Amino acid sequence: MSKVITPREKDYSQWYNDIVIKAGLADYSAVRGCMVIKPYGFAIWEKIQSILDGKFKATGHSNAYFPLFIPKSFFSREAAHVEGFAKECAIVTHYRLKNSDKGLVVDEDARLEEELIVRPTSETIIWNTYKGWIQSYRDLPLLINQWANVVRWEMRTRLFLRTSEFLWQEGHTAHSNKEEAIAETLKILDIYADFAQEWMGMPVIKGTKTENERFAGAVETYCIEALMQDGKALQAGTSHFLGQNFAKAFDVTFLNKEGVSEYVWATSWGVSTRLMGALVMQHSDNEGLVLPPLLAPIQVVIVPIYREFEQLAKINEAIQPLLKELEGAGIRVKYDNDDKHTPGWKFAEYELKGIPVRMGLGPRDLENGTIEVVRRDTRQKENIKLSQALEHVKSLLDQIQTSLYEKALAFQTGSTTRVNDFAEFRQVLDGKGGFVLAHWDGTRETEEKIKEETKATIRCIPLNNPKEEGKCVYSGKPSQQRVIFAKAY
RNA sequence: CGGGGUGUAGCGCAGAUGGUAGCGCGCCACGUUCGGGACGUGGAGGCCGUGGGUUCGAGUCCCGCCACCCCGACCA
């Protein structure tokens, strides 16, 4: 009874924290704003990594690794970029400690000639490097990704959703022309969207950011936006078309086929451990985590129910064929015959951890040739023939994956509201929240005013957004399309 | 950086008016249990966040500091 989760409707933030901590995904650390990702949480992250990594490789990208430290001077080369990141940098100024009467102190004689910035993102060091790698159109495109940690000194942090240090992948590509760079940006956006929907069971809206919300240094920022159960939006991934901004800042040019020198076109794109937070919030309930089968480190757990050890021995034996079948079918299964906990304890524990399917095998089943099957998402129980268990589990895992997505999609659809005037706009945001589709006059001023008054920001302008004549919900000026407003993480 | 809150056993908490620390869970041992977080008995475990002050005496009162959580401003 020690691992009770705060009900979601009572305190959403606490509910989220409880799940992250009690399901063993992560822990607070001794360092402010930094978290420890625990083995179970990291196993999920590793699944995410391996799927995405496969998709990047399949589209021609290679992994590489660039330094954690970036000389301060690099950082200031691109004006908008500095502006965007200056306020949240960790800076290394010294390289040595010494003992003094005050204990261990920074050795003031060991000051760096030039301060190093702990990377908040790697565009600058990477473009400085690319300059040496690119001379001709034959060197392009250059398609590189790195898995790394980055640091952004956040005022306020939340496990997985916003921590000072986080893990991510950042892709940085160089192209010989604008069209190809934009196509790359969109290709990655599709990879992110497909991953979110097919693997995480998380419906997302693809769109572009407004100037206000754009990545510092980008010409255009594309994003996938998801909607969490509390009606707040979460940016789950971004893909940026950087134009020639970084090429110009770092003087990266190539000779085209005509022998004329041109600046390179660039993209960058990333998803982070924030996806873990999205995954938690998208499907979980008051019993704990709910994981989509495709990302669950353990998809099926089998719990033996017994009184005497002779019974356990029989169950151990009776379960072997099924275990082999499941493993043979590539299903990640765990048979938990650990005697240190009772079945009831295990049921609760595996529910908390979000394992998609739980099976129970006891004396009654041995007599009847059956096995109990419980799905985590609906907590529905049924007894099936042991001989049919493999097929049943296979289809059940598929069903759960599909139904998690459908449920999330239904929620998103139900939480998307078209509004036509500002009173309604406020009312929806203060009430059910969610995505609000409203006309916007396209100006930065209006966007900022709306943000000040309602806390809602423009999450994105959806791709292939239908054109529609209307009036801006705030200024009343003419507008050609609705954009998505929401309060966001 | 503002507002609020919390620091006492691994976790969650209780300790009126100051008198030398307790409960639940967890942990260890043994026994009974085991189809939804079992029970009994016996144990182990504390610099009461930290520095000063008041006092014969401080978990408790006073002043400072620190850390963390929640809510805002900033942000993936």
Side-chain angles (χ1 to χ4, degrees), chain A residues 1-6 11-18 21-22 27-35 83-89 120-121 150-170 192 209 212-216 221 223-226 233-240 268-278 287-288 303-309 311-312 315 337-352 358-368 370-372 374 379 381 383 451-452 455 457 459 487-489:
Chain A
M1 293 300 253
S2 67
K3 290 186 171 177
V4 206
I5 302 234
T6 304
D11 183 342
Y12 190 87
S13 296
Q14 197 53 49
W15 167 78
Y16 172 79
N17 285 338
D18 281 354
I21 300 288
K22 292 177 177 172
D27 216 342
Y28 293 106
S29 76
V31 186
R32 187 177 72 114
C34 296
M35 64 190 283
E83 165 85 342
F85 285 102
K87 291 169 301 216
E88 48 183 19
C89 289
T121 179
V150 288
V151 168
R152 296 183 187 174
W153 212 259
E154 298 291 349
M155 296 289 185
R156 198 182 144 215
T157 57
R158 301 195 61 187
L159 295 167
F160 287 118
L161 297 172
R162 176 166 297 105
T163 44
S164 291
E165 179 191 18
F166 59 91
L167 305 184
W168 76 346
Q169 56 71 215
E170 46 178 326
Y192 287 162
K209 287 292 186 188
N212 258 347
E213 302 278 327
R214 199 174 286 155
F215 175 75
T221 288
C223 63
I224 52 171
E225 290 287 325
L234 185 123
Q235 179 176 306
T238 49
S239 183
H240 315 289
S268 70
W269 27 274
V271 295
S272 70
T273 35
R274 176 177 246 203
L275 286 180
M276 295 282 298
E287 315 306 320
V303 177
I305 293 134
Y306 57 95
R307 285 173 214 274
E308 295 90 27
F309 282 104
Q311 275 177 335
L312 176 59
I315 295 169
N337 63 353
D338 193 329
D339 190 47
K340 290 198 279 284
H341 293 291
T342 60
W345 188 93
K346 291 174 185 175
F347 296 166
E349 183 67 13
Y350 290 121
E351 242 159 45
L352 181 59
R358 186 187 77 232
M359 301 176 98
L361 191 69
R364 286 207 301 269
D365 296 302
L366 286 186
E367 274 176 37
N368 305 331
T370 57
I371 190 162
E372 184 186 71
V374 186
R379 302 180 80 208
K381 278 183 195 179
N383 287 289
K451 185 178 175 184
E452 274 170 38
K455 312 274 187 235
T457 50
R459 300 321 303 154
K487 290 184 190 171
Y489 273 96

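What you see is a predicted model, and the numbers here were worked out from it, not measured in a lab. Below, read A as the first sequence line, B as the second, and so on, with proteins coming before strands; counting in each chain starts at 1. Just so you know, these numbers use all the heavy atoms, side chains as well, and skip hydrogens, waters and symmetry mates.
Taking atom CD of residue A:E154 and atom C1' of nucleotide B:rC74, one finds them 7 Å apart after rounding to whole Å. Look at CD on A:E225: it is 10 Å from C1' on B:rA76, rounded to the nearest Å. Taking atom CD on A:E349 and atom C1' on B:rG26, their separation rounds to 13 Å, with Å as the unit. A:K22 places its NZ atom 13 Å from the C1' atom of B:rG26, with the value rounded to the nearest Å. The interatomic distance linking A:D339 (CG) with B:rG31 (P) rounds to 12 Å, in whole Å. Counting to the nearest Å, the P atom of B:rG36 and the NZ atom of A:K346 are 14 Å from each other.
Its glycosidic angle being more than 90° from 0, B:rA38 falls on the anti side. Glycosidic conformation, B:rC65: anti, with the torsion outside 90° of 0.
In summary, of the residues considered (A:H240, A:K209, A:R214), a side chain to side chain donor-acceptor pair (under 3.5 Å) with A:T221 occurs for A:H240 alone.
Closest to the A:K455 side chain, of the nucleotides B:rG72, B:rG37, B:rG35, is B:rG72. Of the candidate nucleotides B:rG35, B:rA76, B:rC70, B:rG35 has the atom lying nearest to any side-chain atom of A:P343.
Taking side-chain N and O atoms only, A:T342 has a distance below 4.0 Å to OP1 or OP2 of B:rA38. Taking 4.0 angstrom as the limit, A:N383 places none of its side-chain polar atoms (N or O) nearer than this to OP1 or OP2 of B:rG35. Between B:rC34 and A:R307, a contact under 4.0 Å exists linking OP1 or OP2 to a side-chain N or O.
Nucleotide B:rU6 has B:rA67 as its partner under the Watson-Crick or G-U criteria, with both atom distances under 3.5 Å. Applying the Watson-Crick and G-U wobble criteria (two distances, each under 3.5 Å), B:rG31 pairs with B:rC39.
Using a 4.0 Å heavy-atom criterion, one finds that A:Y28 contacts the sugar-phosphate atoms exclusively. Across all strands, A:T457 comes closer than 4.0 Å to no nucleic acid atom at all (heavy-atom distances).
Annotation for A:E287: atom CD counts as buried by contact number, over 12 foreign heavy atoms lying within 6.0 Å.
Neither side chain, A:D11 nor A:Y16, offers a donor N or O lying under 3.5 Å from an acceptor on the other.
With respect to the salt-bridge test (charged N to carboxylate O, under 4.0 angstrom), the residues A:R358 and A:E351 qualify.
With hydrogens and angles ignored, no donor-acceptor pair under 3.5 angstrom links the side chain of A:K381 to the base of B:rG35.
A:H341 and A:W345 have parallel rings, their planes meeting at less than 30° on a 0 to 90° scale where 60° marks the start of perpendicular.
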